[in-house]
Protein chains: 2
Amino acid sequence: MNLKELATKLGLSPTTVSRALNGYPEVNEATRERVMAAAKRHNYRPNTRAIRLATGRALAIGHVIPLATRHEIMNPIFADFIAGAGETYSRNGYDMLLSVVPDESEEQAYRDLKSRGSADGVILHAPRMNDPRIPLMHEIGIPFVVHGRATDTTEPYSWVDVNNRRAFQRATEFLLDLGHMRIGLVNGLEFMDFAIRRRTGYADALASRGMALDPALMSSDEMTEISGFRAASAMLDLRDPPTAFLVASMISGMGVRRAIEGRGLAMGRDVSVIIHDDDLSYLKNGDAVPIFTATRSSVREAGRIAAEMLLAIITQQGEEPQNRLLEAELIIGQSTGPAPRRA
Amino acid sequence: MNLKELATKLGLSPTTVSRALNGYPEVNEATRERVMAAAKRHNYRPNTRAIRLATGRALAIGHVIPLATRHEIMNPIFADFIAGAGETYSRNGYDMLLSVVPDESEEQAYRDLKSRGSADGVILHAPRMNDPRIPLMHEIGIPFVVHGRATDTTEPYSWVDVNNRRAFQRATEFLLDLGHMRIGLVNGLEFMDFAIRRRTGYADALASRGMALDPALMSSDEMTEISGFRAASAMLDLRDPPTAFLVASMISGMGVRRAIEGRGLAMGRDVSVIIHDDDLSYLKNGDAVPIFTATRSSVREAGRIAAEMLLAIITQQGEEPQNRLLEAELIIGQSTGPAPRRA
DNA sequence: TGCGCCATCCAAAGCGGTTTGAGTATGATT
DNA sequence: AATCATACTCAAACCGCTTTGGATGGCGCA
């Protein structure tokens, strides 16, 4: 059932039917209702392909996912971000287009999205320091929003980010207030922007108390259980081990906990742990009482916000870049407590 | 730069240019090369919207993701499946369309995909027993492949699945051979097809050794860390606790480990654990030596296979349903050992 | 020389909508 | 009664590509 057929059935022209359905004013209300009813009755859905061609809009938002043979950093949070963004797209009649491409064709993937006209805008994931994709988007001339920020990028752009620096600064201060003097940082890979900011927050907090950074207490790696375990193990084996850890993710936090408990220590009593919790739907940090004390910020919510921002930019374009800095909550769980007395 | 412009520049008709680029035989080789060169030089990409309208094909595969307010079961494996499938789509010039919709509009989402012509086929995720979506797809008349199977569905359909029953049967037998007499099952939600099959495999193995099922040793819940912890804790607190666990996922396995180690027991010595490992890229089960003994089957690979199968069905349609049963490997790690001697 | 065939190329008709530019009643204005 | 907005409605162009159904010209063959 297409427009023409429907029009014939109604004894109207396609023009009028189209206008009636799309809410144009120059059509009699009685006619409009007749058309609407017929459309519903015959279960008419306009062909998206035709709409797209006629209007020149793609009605779709692109997400390019590099296959990331080396690091799969973004993966765990990706599903939740997508859920939030996708929800918003659906509500607004947009499709979500995912391009999974080999690392080396990432740039071409973005160019194609634009030149083949298959997306009206894109969302950039997992920005790195001075990320080349930002100038690329400007060059290509496609609306975009970054989930995160890119330190050192000078040109303006729209973004949605968590205040990673402040989150880790507050967490560090919280541990310091509990009397912890040696705090280990189990960070993500520090070419990722969020990891840089978290380390800065950690460093700032220590500096403001006049404490020096100890490189032995700072690690940076992928956020897997194993690497959390390794990093924490190494630090706990130091002559002067940390009494607390600041950990970049729930999953590495599990590795840290394993390292702690494997040494017969109790998390929350002998060693305190604070993680960053992306509030992933399938990786809940406990229920009533959180397992881990955490800086929490919902990545799904970030997805919603980023999608809304992008759709706004696309529809009323010509605006200046927007941005939104989300504050993480500091949630107290069972994994923190006062620093143990010196042995 | 569109076809017409390119044709004008070349002094050819759009017809010829189109044919040259699409490899039709009725064009002079010299001309073809000239066209190809010009296309490359001017960086010409055909407009996908126009191709779709003209050919009547969507060149896209749909994945409908219900928002799943209640259970987020599919989420953790989703990212990896998508990566595998998406990779295949890209290689074949197809787009991946994700529709994130509220649970109650799931059916409508599939219907729209078809009637609005935005997808040539769909992949069904996380099938349940007697899943209503399978008859729905037949009714709608859209090519589809199921990732998993739906017990009790009689009509034929195409699927890619892991041999869950055999995997858990083998794992159970392996534990029995190690002398374990009481084996706890920490299963996923048993309205999910894979969970049903796993329980069957577990039950079959016990039955073939003439052992009775003990309901107290069988749990079924979402596959989260917490519920793994809860299920294992409850069983370990029994008067006659299990000496081994069969666990549905890596994540619940972490909860099981926490329950074991929290009781001062050692995993692999006092209590053995076998998990099912989806081989997720961000949740590696150790590296050289796996942490957990596991039945392993790559969900990313399943994504690739399902995508290939679907594309094949779409291009040479009229075929009878295809299917592919993947066998899980049984990987020996550090979490299993002989049953401890009776206290 | 004349004819048919083949290799090339092209004009034009879609695909299914949207949108521009008119056309036609209708009722109000003068 | 003539004029003119106003309210509706429609024919046709268009979006950018594919594809059908010829055209054209060169060549082999009788």
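In what follows, every chain begins at residue 1, and chains take the letters A, B, ... in the order their sequences are listed.
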Residue-phosphate contact under 4.0 Å: B:S13 side-chain N/O, C:dA11 OP1/OP2: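 False: B:S13 side-chain N/O out of range (4.0 Å or more) of C:dA11 OP1/OP2.
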side-chain N/O A:N22 vs C:dT18 OP1/OP2, d < 4.0 Å: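 True: A:N22 side-chain N/O within range (under 4.0 Å) of C:dT18 OP1/OP2.
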Atom-pair distance (CG on A:L21; P on D:dT9), nearest Å: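 Rounded to the whole Å, the gap is 13 Å.
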Between P of D:dC17 and NZ of B:K4, the distance in whole Å: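 B:K4 atom NZ is separated from D:dC17 atom P by 9 Å.
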Separation between CD1 of A:I51 and CZ of B:R49, rounded to the nearest 0.5 Å: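 Between A:I51 CD1 and B:R49 CZ, I get 12.5 Å after rounding to 0.5 Å.
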Approximate separation, where rounding is to 0.5 Å, of B:Y110 OH and B:I140 CD1: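 One finds 9.0 Å between OH of B:Y110 and CD1 of B:I140.
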Proximal nucleotide (of [options]) relative to the [X] side chain:
| X | options | value |
| --- | --- | --- |
| B:Y24 | D:dC17, C:dG16, D:dT19 | D:dT19 |
| B:N28 | C:dT8, C:dG17, D:dG16 | C:dT8 |
| A:A54 | C:dG16, C:dC10, D:dC10 | C:dG16 |
| A:A50 | C:dT18, D:dC10, C:dG17 | C:dG17 |
| B:R19 | D:dT20, C:dG17, D:dC10 | D:dT20 |
| A:L3 | C:dT18, C:dG16, D:dT19 | C:dT18 |

Pair B:R91 + B:E308, salt bridge at N-O below 4.0 Å: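 Counted as a salt bridge, because a side-chain N and a carboxylate O are separated by less than 4.0 Å.
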D:dT19 base / B:T15 side chain donor-acceptor hit below 3.5 Å: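 Such a pair is found, so the answer is yes.
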Partner of A:H147 by ring-ring contact (aromatic ring centres under 6.0 Å, His included), out of A:Y157, A:F78, A:F81: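 Of the listed residues A:Y157, A:F78, A:F81, the ring-ring contact (aromatic ring centres under 6.0 Å, His included) partner of A:H147 is A:F81.
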Which part of the nucleic acid, if any, lies within contact of [X], taking any heavy atom under 4.0 Å across all strands shown: a base, the sugar-phosphate backbone alone, or nothing?
| X | answer |
| --- | --- |
| B:I51 | sugar-phosphate |
| B:T31 | sugar-phosphate |
| B:T55 | sugar-phosphate |

5'-most by nearest nucleotide on DNA chain C - B:L53 or B:E26: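 Its nearest nucleotide being more 5', the pick is B:E26.
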More than 12 heavy atoms of other groups within 6.0 Å of A:R324 CZ: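 Result for CZ/A:R324: open.
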